Amino acid sequence: MKILKAIGSFFAKIWRWIKNTAWVQPLLIVGAIFGVIFSIPSITGAIQGAINNKNSADTFYEKFKKSLEGGTNSPAQKLLTNYGQAAKDGPDILSKDEKKYFIMFTSKGNATAKEIKDGFQVLHDNWNSFNQKDPQYTFKLYTIFTDEVTTSTTTTESAFAQFMRDKNWFFEQASQVGQESVYLQNGGVTKADLEKMEACDPDNFMNPTIMLVDWTKNEKITPNKAGITQVMFNVTGTNSYDKAKTLNDCWNCENLFEKIKS
């Protein structure tokens, strides 16, 4: 009997507490509702931030990154080492992925690169629609970040400065190609900017710098038949489609990039 009485007393106390504190429950419900309402901006802000980060220019370019980590054995160095070997022994030594591609030097948060990004994105996403003249080669973009910090970075010399010192011939060649290009004659780049690159000074290097490398011996390419064929520091166009069109013209050596007909 004592046990039953104790159990009954326990439930009676719970019932009295519920009756006496019933007025608290609506407040708790209202408080919970307002809590949810006031947390919505933070939640949506976090979601939007994640979306913006996913769609950012830096995130896009990171997908195509050739890292400077590893010094002479880095992916960036190997790309240009293969380029130099192809110049010496012929392009047959190259994989298909290295026979025709854009290479872009940029830095984190670069404003011009951010504006160009949508052009690359549209061209990448609609490659088959744009590039019907050269269907055997898929869209290729390789990016090298000039502000990348690696284990070889020192207080006096960045990883990119070391890279440029090792591969100065590549930038000298790119400058020479640009200075002899139809794109320069059509006002797409200036000689002064191209001469900056020839100096191989990392402190005065222009970000972004975009080059087209083409080993496919396209007869429209000038002045060289293969290798670096075009140099740009920006991509013209009033919208993302126009910029994609400019990049595609560069790829195919058409319009502003086209060989002048005699």
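All values reported here derive from a predicted model rather than from experimental measurement.
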Would [X] and [Y] count as having a side-chain donor-acceptor pair, cut-off 3.5 Å?
{"X": "D249", "Y": "T246", "answer": "no"}
{"X": "S175", "Y": "Q179", "answer": "yes"}
{"X": "K167", "Y": "T81", "answer": "yes"}
{"X": "Q173", "Y": "Y83", "answer": "yes"}
{"X": "Q176", "Y": "E180", "answer": "yes"}

Looking at every non-hydrogen atom in both residues, tell me the closest pair between [X] and [Y] and how far apart they are.
{"X": "S158", "Y": "A161", "value": "OG-N, 3.0 Å"}
{"X": "P91", "Y": "W215", "value": "CB-CB, 3.7 Å"}
{"X": "T72", "Y": "Q77", "value": "O-CB, 3.5 Å"}
{"X": "A76", "Y": "I144", "value": "CB-CD1, 3.8 Å"}
{"X": "V231", "Y": "T209", "value": "CG1-CG2, 4.5 Å"}
{"X": "A159", "Y": "E148", "value": "CB-O, 3.8 Å"}

Once you round to the nearest 0.5 Å, how far does [atom1] of [X] lie from [atom2] of [Y]?
{"X": "Y137", "Y": "D97", "atom1": "OH", "atom2": "CG", "answer": "10.5 Å"}
{"X": "Q230", "Y": "L256", "atom1": "CD", "atom2": "CG", "answer": "10.0 Å"}
{"X": "N252", "Y": "F257", "atom1": "CG", "atom2": "CZ", "answer": "10.5 Å"}
{"X": "K140", "Y": "L212", "atom1": "NZ", "atom2": "CG", "answer": "14.5 Å"}
{"X": "N248", "Y": "N255", "atom1": "CG", "atom2": "CG", "answer": "10.0 Å"}
{"X": "D166", "Y": "L80", "atom1": "CG", "atom2": "CG", "answer": "10.5 Å"}

Item to check | K114 atom NZ, over 12 foreign heavy atoms within 6.0 Å | outcome: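 Counting other residues, nucleotides and ligands, NZ of K114 stays at 12 neighbours or fewer.
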Has [X] got a side-chain atom pairing as donor or acceptor with [Y]'s backbone, closer than 3.5 angstrom?
{"X": "N110", "Y": "A113", "value": "yes"}
{"X": "S107", "Y": "T146", "value": "no"}
{"X": "T150", "Y": "E69", "value": "no"}
{"X": "N126", "Y": "V122", "value": "yes"}
{"X": "D214", "Y": "T216", "value": "yes"}
{"X": "T143", "Y": "M104", "value": "no"}

Item to check | M206 and F105, any side-chain heavy atoms less than 4.5 Å apart | outcome: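 In short, these two side chains do not touch, never coming nearer than 4.5 Å.
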Next on the checklist: Does any part of the side chain of V235, heavy atoms only, come nearer than 4.5 Å to the side chain of L247, both counted from C-beta?
Outcome noted: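 Sidechains of V235 and L247: in contact.
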Item to check | Test log, rule ring-ring contact (aromatic ring centres under 6.0 Å, His included), inputs F130 and Y241 | outcome: CA-CA 10 Å; F130 272 100; Y241 179 86; 5.3 Å; yes
Next on the checklist: Quick one, E172 with M197, criterion side-chain contact (heavy atoms from CB on, under 4.5 Å). Give me CA distance, side-chain angles, the key distance, then yes/no.
Outcome noted: CA-CA 7 Å; E172 291 169 357; M197 182 164 55; over 6 Å; no
Checklist entry - Can you say whether the rings of F64 and F139 are parallel (under 30°), tilted (30 to 60°) or perpendicular (over 60°)? => result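 Perpendicular.
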Checklist entry - What class does the angle between the rings of F171 and F160 fall in, given that below 30° is parallel, 30 to 60° is tilted and above 60° is perpendicular? => result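 Perpendicular: the ring planes of F171 and F160 meet at over 60°.
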Checklist entry - Can V149 be reached from F145 by stepping across I, L, V, M, F, W or Y side chains whose heavy atoms are under 4.5 Å apart? => result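 F145 and V149: separate clusters.
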Item to check | Derivation and outcome, salt bridge (Lys or Arg N to Asp or Glu O under 4.0 Å), residues K243 and E115 | outcome: CA-CA 9 Å; K243 291 173 184 176; E115 293 176 358; 5.1 Å; no
Next on the checklist: Just to verify, which of N207, N234, T106 counts as forming a side-chain contact (heavy atoms from CB on, under 4.5 Å) with T112?
Outcome noted: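 It is N234; the other options fail the test.
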Checklist entry - Does K196 make a cation-pi contact with F205 (under 6.0 Å, within 45 degrees of the axis)? => result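 So K196 doesn't make the cation-pi contact.
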Next on the checklist: Could you walk me through whether F120 and I116 satisfy the side-chain contact (heavy atoms from CB on, under 4.5 Å) test, starting with their C-alpha distance in whole Å, then the side-chain angles of each, then the deciding distance to 0.1 Å, before giving a yes or no?
Outcome noted: CA-CA 7 Å; F120 271 119; I116 294 171; 3.6 Å; yes
Checklist entry - Is there a side-chain contact (heavy atoms from CB on, under 4.5 Å) between C250 and M232 once you walk through the steps? => result CA-CA 9 Å; C250 177; M232 296 185 288; 3.9 Å; yes
Next on the checklist: Pair F102, W251 - check ring-ring contact (aromatic ring centres under 6.0 Å, His included), show working.
Outcome noted: CA-CA 8 Å; F102 288 110; W251 182 272; 5.5 Å; yes
Checklist entry - Does the pair I103 and Y101 meet the rule for a side-chain contact (heavy atoms from CB on, under 4.5 Å), with working shown? => result CA-CA 6 Å; I103 181 170; Y101 56 87; 4.1 Å; yes
Next on the checklist: My understanding is that only residues two or more places apart in sequence, or in another chain, count here; which of them pass side chain to side chain donor-acceptor pair (under 3.5 Å) with K108?
Outcome noted: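 K108 satisfies side chain to side chain donor-acceptor pair (under 3.5 Å) with E62 once adjacent residues are dropped.
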